[in-house]
Amino acid sequence: MKTKLHFILLLLMVTSLSWAQDSKTITGVVTDDVGGPLPGVSVLIQGTTTGTQTDFDGNYTLDVSAGNTLEFSYLGFQTQEIVVADQTEINVNMVTSANDLDEVVVVGYGNQKRSDITGAVVSVDSEEITKQPATSALQSVQGKVAGVNIIANDSPGSAPTVIMRGLGTSQGGRDPFYVVD
């Protein structure tokens, strides 16, 4: 009985070693359309949760097996899939996909789809802002956002007062968060 148990353990160890030999390390650089490095690109082995992200210079390293498919995805770019053969270096040039950007809103704690946000989000096109001559970003938005009143202060150099959703709003919750892109 003891010999059978030792034999089974030995067989399991040999099998796990043979699986480990199929794995190899893939490295590469992910760049955008113009050749600049893309930091934060998600690199996943398709069908698994195993993956990594590119560093500040667009470099990545990942252990994969031959035949696995690597999936490269990044906000604003088309997802690319590459099947791993015998290569050890895979460089990827991501292609811009501007259609996806209309669905995404940048918030203070990451990116979310517009449909998933519970708060009020308003976008003003740059064409609308350039139509009105103004000395500040707040003045250029004045009159273009429903529910927001922007009142200029009399003292020179002071910021205008922004009132959202009427005067009844508590003082602590009245200050809006601005994202200028």
Side-chain angles (χ1 to χ4, degrees), residues 1-126 137 145 147 164-165 172-173 175-181:
M1 179 68 176
K2 211 175 198 183
T3 354
K4 288 182 183 181
L5 182 62
H6 285 283
F7 180 71
I8 291 172
L9 285 175
L10 180 64
L11 190 61
L12 286 174
M13 292 169 82
V14 169
T15 305
S16 66
L17 286 175
S18 66
W19 283 337
Q21 290 175 355
D22 291 343
S23 180
K24 61 182 169 182
T25 302
I26 298 287
T27 61
V29 179
V30 180
T31 56
D32 60 9
D33 315 42
V34 293
L38 282 176
V41 175
S42 175
V43 183
L44 288 174
I45 299 174
Q46 195 174 45
T48 70
T49 57
T50 305
T52 187
Q53 284 190 335
T54 58
D55 64 10
F56 184 75
D57 296 321
N59 299 313
Y60 72 94
T61 302
L62 188 62
D63 291 330
V64 298
S65 299
N68 284 113
T69 301
L70 293 181
E71 187 174 284
F72 298 84
S73 60
Y74 192 66
L75 180 66
F77 291 87
Q78 294 175 0
T79 300
Q80 294 197 23
E81 297 176 359
I82 298 177
V83 178
V84 177
D86 59 349
Q87 69 266 48
T88 57
E89 182 176 351
I90 299 176
N91 296 325
V92 178
N93 187 5
M94 300 292 282
V95 178
T96 305
S97 172
N99 297 340
D100 296 339
L101 292 179
D102 292 338
E103 299 295 322
V104 175
V105 176
V106 177
V107 293
Y109 43 86
N111 300 326
Q112 293 183 347
K113 288 186 178 180
R114 184 177 289 270
S115 60
D116 294 340
I117 294 179
T118 57
V121 175
V122 177
S123 301
V124 179
D125 291 334
S126 60
V145 179
M164 296 180 68
R165 298 183 189 96
D175 296 330
F177 177 70
Y178 306 101
V179 176
V180 179
D181 183 12

Given side chains that start at C-beta, do those of Thr27 and Thr88 come closer than 4.5 Å, heavy atoms only?
-> no

Check: Met94 and Leu38 side chains under 4.5 Å, non-hydrogen atoms = yes

Ring centers of Phe77, Phe72 separated by less than 6.0 Å = no

Measure from the side-chain N and O atoms of Asn91 to the backbone N and O of Val29, and report whether any donor-acceptor pair falls under 3.5 Å.
-> yes

Check: Thr54 side chain, Gly40 main-chain N or O, donor-acceptor pair, under 3.5 Å = yes

Hey, does Leu70 have a side-chain heavy atom less than 4.5 Å from the side chain of Val64?
-> yes

Decide yes or no for Tyr60 and Asp55: does some side-chain heavy atom of the first lie under 4.5 Å from some side-chain heavy atom of the second?
-> no

Taking every non-hydrogen atom, the tightest pair across Thr79 and Ser73 = OG1-CB, 3.7 Å

How far does OG1 of Thr96 sit from CD of Gln78, to the nearest 0.5 angstrom?
-> 8.5 Å

Please tell me if the side chains of Val84 and Lys24 come closer than 4.5 Å, counting only heavy atoms from C-beta onward.
-> yes

Step by step, would you call Thr25 with Asp63 a side chain to side chain donor-acceptor pair (under 3.5 Å)?
-> CA-CA 4 Å; Thr25 302; Asp63 291 330; 2.6 Å; yes

To the nearest 0.5 Å, what is the distance between CD (Gln53) and CG (Leu44)?
-> 9.0 Å

Once you round to the nearest 0.5 Å, how far does OG1 of Thr50 lie from CG of Asn68?
-> 9.0 Å

Nearest atoms (heavy-atom pairs only) where Val83 meets Gln87 | O-NE2, 3.8 Å

Could you point out which residue of Ile26, Ile45, Val41, Val43 forms a side chain to side chain contact (heavy atoms under 4.5 Å, CB included) with Thr52?
-> Val43

Which heavy-atom pair separates Pro39 from Pro37 by the least distance, and what is that distance?
-> CD-O, 3.5 Å

Please check if the side chain of Glu81 supplies one atom and the backbone of Gln46 the other of a donor-acceptor pair under 3.5 Å.
-> no

Taking all heavy atoms of Ala85 and all of Ala66, pick out the closest pair and write down the distance.
-> O-CB, 3.8 Å

